[in-house]
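Every chain is numbered from 1, with letters handed out A, B, ... down the list of sequences.
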Amino acid sequence: MSATAAKGPVAGPETGMATDKVLLSVEDLKLDLRDENGWVRVLDGVSFDIRPKETLGVVGESGCGKSMTALSIMQLLPPRSARTEGRINFAGRDLLSLSRRQMSRIRGRNISMIFQEPMSALDPVFTVGAQIRETVQCHFDVSKREADERAIDALDSVGIAAPRQVAQLYPMSLSGGMRQRVMIAMALVCEPDLIIADEPTTALDVTIQSQIMDLLLNLSQKRGTAILFITHNLALVSQNCDRMITMYGGQIIEGGPVSEVLARPLHPYTTGLLHSIPDAGRARGTLNAIPGRVPSLRAMPPGCRFEPRCPHATAHCTQAVALERIAERQIRCHRWQELAGSAAPMTAGAL
Amino acid sequence: MTMAGVDVPALSVQDMTVSFGRTRTIVRAVDGVSFSVAPGEIFGIIGESGSGKSTLGRAAVGMITPSAGAVRHGDVDPFALSRAQMNAHRRKYQIIAQDPNAAFNPRMTILESVIEPMAIARTGTRAERRARALEMLDTVALSPEMAMRYPHELSGGQKQRANIARALVLDPEVLVCDEVVAALDVSIQADMLNLFWRLKRDFNLTYLFISHDLNVVSHISDRVAVMYFGKIMEIGPADDVMNRPLHPYSEALRSAEPEIAAYEQRARERIILQGEIPSALNPPAGCRFHTRCPRAVDLCASNEPDQRELIPGRFVACHFAEEMLARFLPVGGGQEAECVSQE
Ligand SMILES: Nc1ncnc2c1ncn2[C@@H]1O[C@H](COP(=O)(O)OP(=O)(O)OP(=O)(O)O)[C@@H](O)[C@H]1O
Ligand SMILES: Nc1ncnc2c1ncn2[C@@H]1O[C@H](COP(=O)(O)OP(=O)(O)OP(=O)(O)O)[C@@H](O)[C@H]1O
Ligand code: SF4
Ligand code: SF4
Ligand SMILES: [Mg+2]
Ligand SMILES: [Mg+2]
């Protein structure tokens with residue numbers, strides 16, 4: 001027999017494996033960026049933390065600030081057009097107070113990032129093997145040959161067939177999904193403490209996607225790696241994350257354990273997202289997009305930022321609303337209690 | 001099939017092969033693929049990463065020249081056109097590339113980039129082109145403020161939407177969408193899928209819709225093709241392929257698709273593919289899927305299965321397709337008679 005099928009139930013979400021020590025804590029992060037019209041606030045008081053072994057899912061509207069949160073942590077934004085405020089604590093050090101040299105030692109070695117757009121992270125003039133080798137040699141004192149071997153192993157681990165040959169190719173001659181996996185290999189090769197994965201599997205078919213997720217979770221179990229997992233795929237969040245946060249217009253609007261948030265979302269935006277997912281049974285042209293649009297960052301409503309689009313908005317919603325904590329959950333909505341009372345839970349007994 | 005046959009297909013490819021590289025490292029990214037897409041039809045393509053979907057899409061619009069086989073746009077052979085004819089023809093056959101940066105010049109604003117194809121095609125006045133670009137950007141939920149920005153000042157999903165706007169300003173007749181909703185949140189994704197559907201309904205726009213998201217493809221497509229290492233494994237009506245996959249690879253894809261745990265009523269059987277993933281540099285002999293196929297037998301390693309029309313409209317390339325089909329028929333064969341009678 002040349003192949004076998006392993007059949008079993010779909011793995012449930014990972015639960016409560018994280019230890020208590022916080023690895024990364026982001027506190028009241030504010031980010032201003034400059035474009036043609038001057039400065040604009042892109043992140044407005046984002047706070048969360050991640051413990052070793054934990055996977056935190058980040059979802060939210062296109063343009064709500066997910067990638068900017070990641071780039072702020074990595075400190076990869078150009079200082080001339082980006083201003084960061086707040087605290088980013090990583091393993092007991094305040095990243096915002098580190099020098100560029102100190103930060104570049106952490107980057108790649110302790111924290112690595114899988115970028116949303118592989119082509120912007122890969123250098124077109126070097127082979128992919130050379131680029132991964134470079135990353136290894138930058139952080140470990142190993143021979144070129146050893147670094148090459150590690151690069152090839154890393155390519156193999158992300159499901160690249162004939163890794164030795166592919167290592168000699170330039171990014172241009174790889175498919176979209178292969179580039180994405182090269183970047184994942186590069187992020188994993190130094191076995192960092194924290195991986196920030198920004199839409200790491202958007203270009204991958206489901207079989208490779210589950211292979212990559214297994215690889216990330218294995219690393220997390222084996223080495224205690226924490227993962228900040230930015231994605232639009234709620235099913236992936238449901239199967240692979242411990243906790244999740246939902247962002248909207250530069251703020252966190254909801255957070256908590258995945259099993260609770262997805263089974264009983266408290267914020268009308270999260271609920272709207274869950275209702276927008278296409279399924280084969282629905283008539284075409286009739287997907288439930290959330291009506292209306294996110295306002296411009298320069299014209300955010302003074303109260304709840306979702307108010308212009310929210311089906312439950314009342315006059316009171318134009319007042320500022322804070323992120324409330326209730327046990328393990330967080331919610332930014334004036335009416336969550338009323339709404340939670342009226343809405344039937346999606347599955348019974350999840351809370 | 002009702003849609004095919006009546007009209008000349010809007011797009012058809014016959015035995016198309018596309019190879020890259022030189023003799024020793026030759027990759028046949030697309031290897032003898034045939035299908036045709038009727039006007040107003042949405043033809044979905046799913047398949048393994050690296051299986052040749054983007055290459056197929058680029059060759060289908062005439063961006064790269066196939067090494068063998070034929071491509072027809074209506075009854076036009078795009079590779080036989082002169083450069084001037086091609087320039088006029090190209091606007092009718094647009095592609096939205098997988099890499100959203102490919103379409104943008106980093107030194108041009110988004111608005112300039114969206115105006116550019118109209119300026120090249122010399123449509124309308126300057127003011128009309130600008131108005132049209134802003135209108136299209138608005139359709140994809142990008143404000144005039146966004147239009148004035150440079151590509152690097154947009155989020156991934158905003159760039160992807162600008163890309164969609166850029167392909168639509170010329171009112172194409174055929175649109176190849178290569179992973180165009182992958183970077184969008186599910187609400188905006190729903191918006192874009194509804195938009196694609198409206199354009200099909202109102203303007204008879206034809207699509208080749210490449211995506212790895214089975215929910216998206218099966219929702220939007222009339223028919224789908226499943227690709228694996230340069231070849232088509234299975235073609236059929238979208239819902240039927242999803243509900244009754246007749247090829248072991250489609251079946252594995254279907255079962256690996258993640259679902260939200262809270263929605264999950266029953267524990268699904270998940271087929272985990274094992275065995276060696278082949279390399280495009282030296283594809284396996286026989287059936288290309290045999291190194292990972294849970295059903296493979298010795299025959300599969302030596303003989304390549306032919307593509308056969310198992311039931312009307314369903315083409316499958318697997319030695320055991322009949323057995324796969326039999327599983328979906330009730331015991332006793334009452335339904336079977338009905339299926340066969342359609343032939
Ligand atoms: N240089 C800039 N000046 C002003 N605004 C900017 C600049 N760069 C990005 N932005 C804006 O910052 C916001 C946040 O962008 P970010 O890339 O974090 O979004 P995102 O949540 O990752 O979205 P997506 O899901 O589409 O990738 C967006 O609205 C974007 O338009
Ligand atoms: N310009 C090129 N030069 C050499 N090889 C190439 C080139 N473009 C693509 N290939 C190879 O052709 C094969 C198919 O690539 P293609 O981009 O069509 O795949 P795909 O199905 O779109 O994959 P993905 O889902 O990952 O985007 C891959 O093995 C790739 O390495
Ligand atoms: S605060 Fe009001 S407008 Fe905002 S989400 Fe809650 S109900 Fe809707
Ligand atoms: S021909 Fe054989 S190896 Fe190929 S899909 Fe069918 S059973 Fe599997
Ligand atoms: Mg992003
Ligand atoms: Mg592709």
Side-chain angles (χ1 to χ4, degrees), chain A residues 2-10 12-13 35-36 60-63 67 116-117 119-120 159 161-162 165 173 175-178 199 202-208 210 232-236 238-239 259 262-263 272-273 276-280 282 284-285 287-290 293 296 298 346-347 350, chain B residues 20 47-50 54 98-99 101 141 143 145 148-149 153 155-158 179 182-188 190-191 193-194 197-198 212 215-216 218-220 239 242 252-253 256-262 267-275 277-279 281 290-294 296 301:
Chain A
S2 56
T4 50
K7 292 200 177 191
V10 176
D35 68 3
E36 291 54 54
E61 181 105 13
S62 170
S67 299
Q116 188 172 6
E117 286 165 8
M119 266 325 251
S120 55
Q165 279 144 301
S173 47
S175 80
M178 290 165 83
E199 307 277 4
T202 44
L204 302 177
D205 59 280
V206 285
T207 60
I208 304 281
S210 56
H232 292 304
N233 190 328
L234 295 163
L236 279 186
S238 119
Q239 291 185 357
S259 53
L262 291 181
L273 276 187
S276 306
I277 300 173
D279 64 79
R282 199 163 235 297
R284 289 191 293 173
L287 293 172
N288 291 317
I290 301 169
R293 292 174 182 184
S296 151
R298 290 197 162 81
M346 284 182 177
T347 48
Chain B
F20 294 109
E48 181 111 339
S49 169
S54 300
Q98 186 171 9
D99 176 8
N101 289 310
S143 62
E145 179 187 346
M148 296 312 174
R149 291 210 184 140
E153 296 169 338
S155 79
Q158 288 164 346
E179 302 284 2
L184 303 178
D185 66 83
V186 282
S187 169
I188 294 198
D191 246 346
L193 293 177
N194 288 345
W197 169 249
R198 277 202 310 280
H212 66 85
N215 278 327
V216 166
S218 58
H219 177 82
I220 191 91
D239 348 334
M242 290 300 136
L253 275 184
E257 184 192 356
E259 279 180 32
I260 293 184
R268 219 158 25 115
E269 292 270 291
R270 179 169 157 188
I271 304 169
I272 298 162
L273 290 180
Q274 295 185 337
I277 301 181
S279 155
L281 292 161
H290 86 260
T291 60
R292 296 163 78 201
C293 179

*Asks:* For B/Ser155, is it the side chain, the backbone, both, or neither that has a heavy atom closer than 4.5 Å to a heavy atom of chain A?
*Replies:* side chain
*Asks:* Using modelled atom types and a 3.5 Å cut-off, is there a donor and acceptor pairing between side-chain atoms of A/Ser175 and backbone atoms of B/Ser49?
*Replies:*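 No; judged by distance alone, with no hydrogens or angles, the pair does not exist.
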*Asks:* In terms of heavy-atom proximity below 4.5 Å to chain B, should A/Ile208 be classed as side chain, backbone, both, or neither?
*Replies:*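 A/Ile208 touches chain B through side-chain heavy atoms alone.
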*Asks:* Please report the closest heavy-atom contact between A/Ala161 and B/Pro278, naming both atoms and the distance.
*Replies:*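 Residues A/Ala161 and B/Pro278, closest heavy atoms: CB-O, 3.1 Å.
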*Asks:* Calculate, to the nearest 0.5 Å, the distance between atoms CD and CG belonging to B/Glu153 and A/Asp35 respectively.
*Replies:* 5.5 Å
*Asks:* Of all heavy-atom pairs between B/His212 and A/Leu204, which one has the smallest distance, and what is that distance?
*Replies:*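 Taking B/His212 first and A/Leu204 second, the nearest heavy atoms are ND1-O, 2.7 Å.
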*Asks:* Could you tell me which portion of A/Glu61 (side chain, backbone, both or neither) has an atom closer than 4.5 angstrom to a non-hydrogen atom of chain B?
*Replies:* both
*Asks:* For B/Asp185 versus A/Gly60, what's the shortest heavy-atom pair and its separation?
*Replies:*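 What the structure gives for the nearest pair is CB-O, 3.6 Å.
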*Asks:* If every non-hydrogen atom of B/Arg149 is compared with every non-hydrogen atom of A/Arg298, which pair is closest and at what distance?
*Replies:* NH2-NH1, 4.3 Å
*Asks:* On a heavy-atom basis, which atom in B/Leu253 and which in A/Asp205 lie closest, and how many Å separate them?
*Replies:* CD2-OD2, 4.4 Å
*Asks:* For B/Asn101 and A/Met119, what are the C-alpha separation, side-chain angles and deciding distance, and is it a side chain to side chain contact (heavy atoms under 4.5 Å, CB included)?
*Replies:* CA-CA 8 Å; B/Asn101 289 310; A/Met119 266 325 251; 5.6 Å; no
*Asks:* Measuring from atom OG1 of A/Thr207 to atom CD of B/Glu48, what distance do you get when rounded to the nearest 0.5 angstrom?
*Replies:*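 So the gap between those two atoms works out to 4.5 Å.
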*Asks:* So, using side chain to side chain donor-acceptor pair (under 3.5 Å) as the criterion, who are the partners of A/Ser296 when residues are at least two apart?
*Replies:* B/Glu145
*Asks:* Which residues satisfy the side chain to side chain donor-acceptor pair (under 3.5 Å) test with A/Glu199, sequence neighbours excluded?
*Replies:*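 For A/Glu199, the residues satisfying side chain to side chain donor-acceptor pair (under 3.5 Å) (neighbours in sequence not counted) are A/His232.
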*Asks:* If you count heavy-atom pairs within less than 4.5 Å of chain A, which of B/Ala252, B/Gly157, B/Ser143 leads?
*Replies:* B/Gly157
*Asks:* Is it the side chain or the backbone of B/Asp191 that comes within 4.5 Å of chain A heavy atoms, both, or neither?
*Replies:*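 Contact with chain A is through both the backbone and side chain of B/Asp191.
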*Asks:* Rounded to the nearest 0.5 Å, how far apart are OG of A/Ser276 and CG of B/Leu184?
*Replies:* 12.0 Å
*Asks:* Check whether B/Ile220 gets within reach of chain A through its side chain, its backbone, both or neither, counting any heavy atom under 4.5 Å.
*Replies:*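 The backbone, not the side chain.
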*Asks:* Please determine, among A/Gly272, A/Ala203, A/Ser67, A/Ser173, the option with the most heavy-atom pairs under 4.5 Å with chain B.
*Replies:* A/Ala203
*Asks:* So which heavy atom on B/Gly156 is nearest to which on A/Glu117, and how close?
*Replies:* CA-OE2, 3.9 Å
